[in-house]
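These notes are about the structure you will find just below.
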Amino acid sequence: MTSSPLDRVPLRRARVAVCLLFGLYGVILGTWTARIPAIKQGLRLTDGALSLGLLAFAAGAIIGMQAAGRLVDRYGTGRLLLPVVLADGVLLVSPAFAPNLAVLAGCLLAFGTAHGLLNITMNTAAVEVQRAWQAPIMSSFHAVYSVGGFLGAAVGGLCAYAGLGASTTFLLVAAVVAGTGLVAARWRLAPQAVPAAETGPGGGGLPGVTFLGVLVFCCLVGEGAAADWSSVYLRDSLGSTAGFAAAAYAAFSIMMMAGRLVGDRLTARLGAVRLVRYSGLLAATGLGTALLIGHPLAGVAGFGLLGAGLACIAPQVFSAAGTQDPARAGQAIARVASLGFLGFVVGPLVIGALAELVGLPSALAVPAVLALFVAAAATALRPGAAAPIAPRSATT
């Protein structure tokens with residue numbers, strides 16, 4: 001960490017505050033995911049009906065991300081931080097009290113919107129703290145999100161094991177979110193003058209930032225594929241036991257978290273471009289080789305390498321998008337995050353459709369091919385390579 005005119009104690013607290021945001025984001029999502037079966041059972045929903053509710057959550061997240069971009073740029077992360085954290089925690093509780101599918105869909109739409117707002121607010125705050133810190137720290141924030149997801153899933157699982165209902169689980173987590181959110185708001189980074197855009201003179205507006213979003217889209221297709229299809233691949237295609245099949249996604253998650261824990265050091269040593277290039281190659285080679293071998297052990301190793309390879313890509317792309325034009329960092333990050341979330345949702349569906357035509361092993365080659373594309377396009381992360389969002393009119 002290099003010298004800075006900012007006092008180091010407030011800056012360290014600001015870094016902790018952003019870590020808390022990422023952790024809360026993961027805890028909320030992990031807890032919700034763990035208690036989905038309880039919500040389904042309580043309302044006696046079919047798989048199809050539950051899918052409609054979950055689609056409402058996804059739609060809300062996209063809406064929230066898009067709205068957050070302009071809100072962050074207009075009001076700043078400091079003013080939005082506490083309201084969006086509290087909203088996300090409170091709206092987590094609402095699905096547990098829904099009496100039917102229609103109300104559940106409305107609750108999940110609102111919950112997803114708050115979750116999308118928090119996503120953009122915390123990522124923009126992370127870019128601001130990294131700029132003040134004057135060293136790569138973005139991967140560490142995303143590592144905390146992974147830890148938070150594990151904690152949330154563990155809390156949800158323990159509450160289910162103890163016989164606690166979804167409403168009790170969500171109320172407990174919401175209370176923790178409120179208390180921790182207050183600490184994060186108190187320690188947030190003080191407002192600073194926004195630096196000039198860091199792009200070169202040849203910027204052409206929207207397309208450059210959109211291309212960064214395409215890279216995150218490719219990355220999150222791989223994450224979604226691992227979440228939805230890794231265990232199915234080992235169990236149905238390779239004939240492993242159900243217990244061993246679960247090890248594939250566990251390996252993916254653990255290696256992704258490990259990769260993010262060392263990502264900042266790798267960024268400082270290699271630079272963002274080389275790190276993303278090597279990461280894409282690792283992900284593509286690891287998964288591709290495992291698919292060719294076609295053995296359960298190779299499958300676990302392959303998804304583990306996929307997780308390690310994808311770990312540092314999204315944090316670097318978010319960082320690049322947020323620094324292209326700091327005055328409109330919220331809008332840039334919103335566009336990138338929205339495309340990434342779309343990849344996470346749509347990617348597994350496309351892989352499932354392809355599996356019907358060519359078989360699941362061949363369909364799972366899609367994330368490997370997309371990882372190769374990311375490796376080839378890593379130069380888009382060079383300063384000035386992606387253009388800023390077109391400036392707003394001086395009259396607005």
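All values reported here derive from a predicted model rather than from experimental measurement.
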Worksheet item: Yes or no on side chain to side chain contact (heavy atoms under 4.5 Å, CB included) for V276 and L215, after CA distance, side-chain angles and deciding distance?
Response: CA-CA 10 Å; V276 168; L215 299 185; 5.8 Å; no
Worksheet item: Would you say the side-chain atoms of R186 pair up with the backbone N or O of V183, donor to acceptor, closer than 3.5 Å?
Response: no
Worksheet item: Side-chain contact, heavy-atom cut-off 4.5 Å: F344 with V221?
Response: no
Practice prompt. Taking all non-hydrogen atoms of both residues into account, name the closest pair between C312 and S139 and its distance.
Written response: SG-OG, 4.3 Å
Worksheet entry | Shortest non-hydrogen contact between G89 and A174, atoms and distance | O-CB, 3.4 Å
Fill in: Any R277 side-chain heavy atom under 4.5 Å of V273 side chain
yes
Practice prompt. I would like to know whether V176 and V27 meet side chain to side chain contact (heavy atoms under 4.5 Å, CB included); could you show each step before the answer?
Written response: CA-CA 10 Å; V176 173; V27 166; over 6 Å; no
Worksheet item: Can you find a heavy atom in the side chain of V374 that is under 4.5 Å from one in the side chain of S279?
Response: no
Worksheet item: Can you list the steps and then say if R131 with V127 is a side chain to side chain contact (heavy atoms under 4.5 Å, CB included)?
Response: CA-CA 6 Å; R131 186 185 302 123; V127 170; 3.8 Å; yes
Fill in: S362 side chain to G359 backbone, donor-acceptor under 3.5 Å
no
Practice prompt. Take atom CZ of R79 as the centre, draw a 6.0 Å sphere, and report whether it contains more than 12 heavy atoms from other residues, nucleotides or ligands.
Written response: no
Worksheet item: Atom CH2 of W133 and atom CG of D264: how far apart are they, to the nearest 0.5 Å?
Response: 10.5 Å
Worksheet item: Are the aromatic ring centres of F57 and F111 under 6.0 angstrom apart?
Response: yes
Worksheet item: Do F97 and L104 belong to the same hydrophobic cluster, where Ile, Leu, Val, Met, Phe, Trp and Tyr are linked whenever their side-chain heavy atoms lie under 4.5 Å apart, directly or via other members?
Response: yes
Worksheet item: Taking atom CG of L305 and atom CG of L281, what is their separation to the nearest 0.5 Å?
Response: 12.5 Å
Practice prompt. To the nearest 0.5 Å, tell me how far L117 CG sits from L81 CG.
Written response: 12.0 Å
Worksheet entry | Separation of F252 CZ from L306 CG (nearest 0.5 Å) | 5.0 Å
Worksheet entry | Heavy-atom closest contact (V72 atom, G330 atom, distance) | CG1-CA, 4.2 Å
Worksheet entry | Where A363 and V358 come nearest, the two heavy atoms and their spacing | N-CG2, 4.1 Å
Practice prompt. Look at the side-chain heavy atoms of Ile, Leu, Val, Met, Phe, Trp and Tyr, link any pair under 4.5 Å apart, and say whether Y75 and V18 land in one connected group.
Written response: yes
Worksheet item: Do L291 and Y249 sit in the same hydrophobic cluster, where Ile, Leu, Val, Met, Phe, Trp and Tyr count as joined when their side-chain heavy atoms come under 4.5 Å apart?
Response: yes
Worksheet item: What is the minimum heavy-atom distance between G157 and A34, and which atoms define it?
Response: N-CB, 4.1 Å
Practice prompt. Run the numbers on T285 and L372 for side chain to side chain contact (heavy atoms under 4.5 Å, CB included), then give the verdict.
Written response: CA-CA 9 Å; T285 303; L372 278 178; 5.8 Å; no
Practice prompt. For V216 and G340, work out which heavy atoms get closest and say how close.
Written response: CG1-CA, 3.6 Å
Practice prompt. Measure the shortest side-chain to side-chain distance between V366 and L370 over non-hydrogen atoms and say whether it is less than 4.5 angstrom.
Written response: yes
Worksheet item: Any idea how F318 and H142 line up, ring-wise: parallel (<30°), tilted (30 to 60°), or perpendicular (>60°)?
Response: parallel
Worksheet entry | Side-chain heavy-atom pair L109, I63 within 4.5 angstrom cut-off | yes
Worksheet item: Just by distance, do the side chain of T180 and the backbone of V177 share a donor-acceptor pair under 3.5 Å?
Response: no
Worksheet item: Rounded to the nearest 0.5 Å, how far apart are SG of C19 and CD1 of I137?
Response: 7.5 Å
Discussion item. I'd like to check F217 versus V317 (side-chain heavy atoms, cut-off strictly below 4.5 Å). Are they in contact?
Written reply: no
Worksheet item: Counting only N and O atoms by type, is there a donor-acceptor contact under 3.5 Å from the side chain of D73 to the main-chain atoms of Q331?
Response: yes
Practice prompt. Check whether any side-chain N or O of Q130 sits under 3.5 Å from a backbone N or O of M138 as a donor-acceptor pair, and report yes or no.
Written response: yes
Fill in: Gap separating the OH atom of Y145 from the CG atom of L29, nearest 0.5 angstrom
5.0 Å
Worksheet item: Taking only residues two or more places apart in sequence, or in another chain, which ones meet A311 in a side chain to side chain contact (heavy atoms under 4.5 Å, CB included)?
Response: M256, R260
Worksheet entry | Pairwise side-chain contact, F150 with S253, heavy-atom cut-off 4.5 Å (strictly under) | yes
Worksheet item: Do W32 and L164 share a hydrophobic cluster, counting only Ile, Leu, Val, Met, Phe, Trp and Tyr and linking them when any side-chain heavy atoms are less than 4.5 Å apart?
Response: no
Worksheet item: If Ile, Leu, Val, Met, Phe, Trp and Tyr residues are connected whenever their side-chain heavy atoms lie under 4.5 Å apart, and connections chain through other members, are V147 and I254 in the same group?
Response: no
Item to complete: Could you tell me whether the side chain of S231 and the main chain of A245 form a donor-acceptor pair under 3.5 Å?
Response: yes
Item to complete: Decide yes or no for F22 and N123: does some side-chain heavy atom of the first lie under 4.5 Å from some side-chain heavy atom of the second?
Response: yes
Worksheet item: Can any side-chain N or O of S230 pair as donor or acceptor with the backbone N or O of A248 at less than 3.5 Å?
Response: no
